[in-house]
Novice: 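One structure, pasted below without further comment.
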Amino acid sequence: MKKDSEIRVRMAPSPTGFFHLGSARTALYNWLFARHNQGKFILRVEDTDVQRSSKEMIQTILDGLGWLGLNWDEGPYFQSERLAIYKKYVQQLIDKGYAYYCYCRPEDLAREREAALKNKQSWKYDRRCLNLTPEQKKEKERANHPKAVRFLVPDHPVVFYDLIHKEIKRDFADIEDFIILRQNGIPTYNLACAVDDYEMGITHVIRAVEHITNTPKQILLYEALNFSKPEFAHLPLILGEDRKKLSKRHGAVSLMAYKEKGFIPEAMVNFLALLGWSPGNDKEIMSIKEIIQRFSLKRINPANAIFDIQKLEWMNGQYIYRMSDGELLESLKPFLIKFKFITPAELDKKREWILRVCGAIKKRLKVLADIDKAGRYFFVEDFEYEPRALEKHLHKETIEIVKEFSRIMETITDFDGAHIEESLRGFVKEKNIPARNLIHPLRVFTTGKEGGPGLFLTLELIGKERCLKRIKKIIKNYEEKNG
RNA sequence: GGCCCCAUCGUCUAGCGGUUAGGACAUCACUCUUUCAAGGUGGAGACACGGGUUCGAUUCCCGUUGGGGCCGCCA
């Protein structure tokens, strides 16, 4: 089933919060490592916190991985379904004297801990339950007192080699006898994680540095349980602009929020891959195949990285720009429908036309949702006229010129870019005015904007009737207001 | 308060003892263009500090400072 040399990694998210950029990158690096080494990528949901875990969060994890294309080879396993396995190992630890029952009340300990921290004192469990006399223990048992299980931390330092951070030491005095089994019979993170990583044959534990203080605890469990140890690699964190760990207050909560804004999954993957890792050359836009080929843990930068959305947007724009018109249309469809630019039924009928619109605005989109502002006027009539643009180009003189030219427009039978340009150039030559004096007002009258794709193509795509209607309407409005 | 991790332009990074410290985003010029964008060209912009080691440190070691993380019967 499992080859001895096979690389096996896992993504082990907890469904207590959104699947965000940080989790996504951890997943990506695990996935890249597995794919690079022809290994296995396993999905394991760490839902041992019953109160806070939810179906919704599990769904965001699945959605996020799916959106990024990070397919898994095994799982999803759910820790909540593996309780018997953990209990077996906990019992083993108790039997061998590596763990003991703790009858303390969580509230009492929490109070003590808070008080200590408030006084800037460090606090560690004092093993009071380990030191209970046999009589005291019997009494607790007789009273059916709730009990948790604590791991008895041995008095020798823990040293391990991290693939990114090199050697890491931790003194036993700095590790308290941590709980491995709660009063409710459900194991805690460290126990479940260590047991599962062993049981699932994980060869490389790749996770965020916030777990680096857990690793010595898990190593102690490995040793007590006589498990062979995996390799460890602790990834740097992704920080918000405030240099703090990414969290809800940084706006983009779920990874799926980026999908909704119109980021392309390929761009997201490319960007995330480069946030903390570099291929060693100057290439930034890379296909997933290329990233897999070049990926290595050795080239991960140990320093935390600040998330820069501007670079993500740039990269996304690059991906959009490099798409074919057909690909762009596919990606854009949900947005066109969401913004009510078009009905699903029209999508097919107007396909050729939409493809041309896609080609026209491709260079102008950073995220797909930009179509709302940048391309609205192609699709619907309720677009906005930019005040600045009107101020600049909506005047008596320009109106006269546009009026005159629109009469010529009406006579153009083949209303395409080339013909529009031809008649416009002829018109301005005859009038002896610079082309821009007509081009700019014309654009503003028909699109409400100062910028956009080439005017002649724009007019063609909007179509003769709609162009003339818009021109009439804006002029009428102006004249009503200004006598 | 304790422990741990980290340190090159504003941001992401290359560098693995000798480089005019390279690239990308952002920024600023110029250019192309009917406009905006995209593109092209160029500019400004960094080795946190102090000690060592060395003929020579951005690079190796130590310390300081700064930043981050953890200290839950959360993960």
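Each chain gets a letter, A, B and so on, in the order the sequences are listed, and its residues count up from 1. Remember, it's a predicted structure, so these values are computed and weren't measured experimentally. FYI, side chains are in, hydrogens and waters are out, and symmetry mates aren't considered; it's all heavy atoms of this structure.
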Novice: Indicate, with a heavy-atom threshold strictly under 4.0 Å, whether A/Cys193 touches base, sugar-phosphate, or nothing.
Specialist: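 No contact at all - A/Cys193 keeps every heavy atom at 4.0 Å or more from the nucleic acid.
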Novice: Rounding to a whole Å, what distance do you find between A/Arg150:CZ and B/C73:C1'?
Specialist: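 One finds 8 Å between C1' of B/C73 and CZ of A/Arg150, rounded.
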Novice: Residues in side-chain contact (heavy atoms from CB on, under 4.5 Å) with A/Arg466, at least two apart?
Specialist: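 By the side-chain contact (heavy atoms from CB on, under 4.5 Å) rule, A/Arg466 matches A/Trp353, A/Glu381, A/Ile462, A/Arg470.
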Novice: Hey, is the main chain of A/Ile202 close enough, under 3.5 Å, to the side chain of A/Arg10 for a donor-acceptor pair?
Specialist: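 No, the answer is negative, given that no donor and acceptor are paired below the 3.5 Å cut-off.
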Novice: Would you confirm whether A/Thr458, through its side chain, and A/Pro453, through its main-chain N or O, come within 3.5 Å as a donor-acceptor pair?
Specialist: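 Between the backbone of A/Pro453 and the side chain of A/Thr458 there is a qualifying donor-acceptor contact (under 3.5 Å).
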Novice: Where does the angle between the aromatic ring planes of A/Tyr222 and A/Phe232 fall among parallel (under 30°), tilted (30 to 60°) and perpendicular (over 60°)?
Specialist: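 The rings of A/Tyr222 and A/Phe232 stand perpendicular, inter-plane angle above 60°.
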Novice: Would you find a donor on one side and an acceptor on the other, under 3.5 Å apart, between the side chain of A/Asp47 and the backbone of A/Ser53?
Specialist: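 The answer is no, because no donor-acceptor pair under 3.5 Å joins these two groups.
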Novice: For A/Ser14, report the nucleic acid contact type (base, sugar-phosphate, nothing); a contact means any heavy atom under 4.0 Å.
Specialist: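 Contact class for A/Ser14: sugar-phosphate only.
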Novice: Would the distance check show the side chain of A/Lys464 and the main-chain N or O of A/Ile412 forming a donor-acceptor pair, the cut-off being under 3.5 Å?
Specialist: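 Such a contact is found between A/Lys464 side chain and A/Ile412 backbone.
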Novice: Is atom CD of A/Glu107 surrounded by more than 12 heavy atoms (other residues, nucleotides or ligands) closer than 6.0 Å?
Specialist: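 Yes, because the 6.0 Å sphere around CD of A/Glu107 holds more than 12 heavy atoms from other groups.
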Novice: Cation-pi check, A/Arg150 to A/Tyr101: give yes when NZ or CZ is under 6.0 Å from the six-membered ring centre and within 45° of the ring axis, no otherwise.
Specialist: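 No, cation not above the ring by the 6.0 Å, 45° rule.
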Novice: Check for me whether A/Lys363 meets the cation-pi criterion with A/Tyr321, that is, NZ or CZ under 6.0 Å from the six-membered ring centre and within 45 degrees of the ring axis.
Specialist: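 Judged by the rule, A/Lys363 and A/Tyr321 form no cation-pi pair.
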Novice: Whole Å only: how far is the NZ atom of A/Lys217 from the C1' atom of B/C73?
Specialist: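 It works out to 12 Å between those atoms.
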Novice: Could you give the CH2-to-C1' distance, from A/Trp123 to B/C70, as a whole number of Å?
Specialist: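 To the nearest whole Å, that distance equals 16 Å.
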Novice: Given the P atoms of B/G40 and B/C32, what is the spacing between them in whole Å?
Specialist: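 Straight-line distance between the two P atoms is 16 Å.
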Novice: Consider the side chain of A/Gln183, meaning its heavy atoms from C-beta on, and name the nucleotide among B/G68, B/C73, B/C70 that approaches it most closely.
Specialist: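 So the side chain of A/Gln183 is nearest to B/C73.
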Novice: In this structure, how many angstroms lie between the P atom of B/U13 and the CG atom of A/Leu272, rounded?
Specialist: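 Distance check: A/Leu272 CG to B/U13 P gives 12 Å.
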Novice: Tell me: CD of A/Gln218 to P of B/A75, nearest whole Å?
Specialist: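 It is 11 Å, rounded to the nearest whole Å.
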Novice: Between the protein and nucleotides 3-11 of chain B, list every N/O to N/O distance that falls short of 3.5 Å.
Specialist:
residue: B/C3; atom: O2'; partner: A/Arg170; partner atom: NE; Å: 3.1
residue: B/C5; atom: O3'; partner: A/His165; partner atom: ND1; Å: 2.9
residue: B/C6; atom: OP1; partner: A/His165; partner atom: ND1; Å: 3.2
residue: B/U11; atom: OP1; partner: A/Arg243; partner atom: NH2; Å: 2.7

Novice: Atom OH of A/Tyr189 to atom P of B/A75: distance rounded to whole Å?
Specialist: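 After rounding, the reported distance stands at 9 Å.
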Novice: Tell me whether A/Asn131 contacts the main-chain N or O of A/Arg127 through its side chain, where contact means a donor paired with an acceptor under 3.5 Å.
Specialist: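 Judged by distance alone, yes, a pair lies under 3.5 Å.
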Novice: Is the phosphate of B/C70 approached by A/Lys245 (side-chain N or O, under 4.0 Å from OP1 or OP2)?
Specialist: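 Checking B/C70 against A/Lys245, a side-chain N or O does come within under 4.0 Å of OP1 or OP2.
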Novice: Which pair of non-hydrogen atoms, one from A/Ala435 and one from A/Arg425, has the smallest distance, and what is that distance?
Specialist: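 Taking every non-hydrogen atom into account, CB-NH1, 3.5 Å.
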Novice: I want to check a possible cation-pi pair here: A/Lys261 against A/Phe263, using under 6.0 Å from ring centre and within 45° of the ring axis as the test.
Specialist: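 No, A/Lys261 does not sit over the ring of A/Phe263.
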Novice: Return the nucleotide paired to B/C70: Watson-Crick means purine N1 to pyrimidine N3 with N6-O4 or O6-N4, wobble means G-U with N1-O2 and O6-N3, both under 3.5 Å.
Specialist: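 Pairing partner, where one exists within any strand: B/G2.
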Novice: Regarding A/His234, tell me which of base, sugar-phosphate or nothing describes its non-hydrogen contacts under 4.0 Å with the strands shown.
Specialist: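 Since no nucleic acid heavy atom lies under 4.0 Å of A/His234, the category is nothing.
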Novice: Taking the P atom of each, how far is B/C60 from B/C16, in whole Å?
Specialist: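 To the nearest whole Å, 11 Å.
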Novice: Can you check whether A/Thr447's main-chain N or O pairs, donor with acceptor, with A/Arg376's side chain at less than 3.5 Å?
Specialist: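 Pair absent, no side-chain N/O of A/Arg376 close to backbone of A/Thr447.
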Novice: Check nucleotides 28-34 of chain B against the protein and report each pair of N or O atoms closer than 3.5 Å, with its distance, or say if there are none.
Specialist:
residue: B/U34; atom: O2'; partner: A/His440; partner atom: NE2; Å: 3.1
residue: B/U34; atom: N3; partner: A/Leu455; partner atom: N; Å: 3.3
residue: B/U34; atom: O4; partner: A/Leu455; partner atom: N; Å: 3.4

Novice: Checking side chain to side chain contact (heavy atoms under 4.5 Å, CB included) between A/Trp277 and each of A/Asn301, A/Ile291, A/Leu297, which is the one that passes?
Specialist: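 Testing each of A/Asn301, A/Ile291, A/Leu297 against A/Trp277, the sole residue satisfying side chain to side chain contact (heavy atoms under 4.5 Å, CB included) is A/Ile291.
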Novice: Roughly how many Å apart are B/U65 and B/G22, using the P atom of each and rounding to a whole number?
Specialist: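 Straight-line distance between the two P atoms is 33 Å.
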Novice: Paired with B/C25 by Watson-Crick or G-U wobble geometry, both distances under 3.5 Å: which nucleotide is it?
Specialist: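 Looking at the geometry, B/C25 pairs with B/G10.
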Novice: Given 3.5 Å as the limit, does a donor-acceptor pair link the side chain of A/Asn270 with the main chain of A/Glu266, or not?
Specialist: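 A pair under 3.5 Å: no.
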Novice: For nucleotides 37-42 of chain B, give me one character per nucleotide, 5' to 3': B if any protein heavy atom sits under 4.0 Å from the base, S if the only such contacts are to the sugar-phosphate, - if neither.
Specialist: BSS---
Novice: For B/G56 and B/G51, measure between their P atoms and round to the nearest Å.
Specialist: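 Each nucleotide's P atom is 15 Å from the other's.
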Novice: Only pairs with both distances under 3.5 Å count, Watson-Crick or wobble alike; so what is the partner of B/C47 in this structure?
Specialist: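 Its partner is none (no Watson-Crick or G-U wobble pair with both distances under 3.5 Å).
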Novice: Extract from the structure each pairing of a protein N or O with an N or O of nucleotides 62-64 of chain B at less than 3.5 Å, listing the distance.
Specialist:
none

Novice: Between A/Glu284 and A/Lys311 (salt bridge meaning N to carboxylate O under 4.0 Å), is one present in this structure?
Specialist: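 Answer for the salt bridge query: yes.
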Novice: Using the 3.5 Å cut-off, write out each protein N or O paired with an N or O of nucleotides 15-22 of chain B and the distance between them.
Specialist:
residue: B/G15; atom: OP1; partner: A/Arg299; partner atom: NH1; Å: 3.2
residue: B/G15; atom: OP1; partner: A/Arg299; partner atom: NH2; Å: 3.2

Novice: Hey, does A/Glu46 reach any base, or is it just sugar-phosphate, or nothing, if we go heavy atoms under 4.0 Å?
Specialist: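 Result for A/Glu46 = sugar-phosphate.
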Novice: With a 3.5 angstrom cut-off on both distances, give the Watson-Crick or G-U wobble partner of B/A37, or none if there isn't one.
Specialist: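 Base partner found: none.
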Novice: Quick check: does any side chain N or O of A/Asn432 sit under 3.5 Å from a backbone N or O of A/Val428, one acting as donor and the other as acceptor?
Specialist: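 No, A/Asn432 side chain to A/Val428 backbone: no donor-acceptor pair under 3.5 Å.
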Novice: Which whole-number value in Å describes the distance from A/Ile300 CD1 to B/A14 C1'?
Specialist: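 So the CD1-C1' distance, A/Ile300 to B/A14, works out to 16 Å.
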Novice: Mind calculating the distance between CG (A/Leu117) and C1' (B/G2) to the nearest angstrom?
Specialist: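 The answer, rounded to whole Å, is 9 Å.
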Novice: Test the A/Arg299-A/Phe295 pair against the cation-pi criterion, namely NZ or CZ under 6.0 angstrom from the six-membered ring centroid and within 45° of the ring axis.
Specialist: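 Cation-pi check for A/Arg299 and A/Phe295: fails.
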Novice: Checking base pairs now: Watson-Crick or wobble, both atom distances under 3.5 Å. What partners B/C55?
Specialist: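 Partner of B/C55: B/G18.
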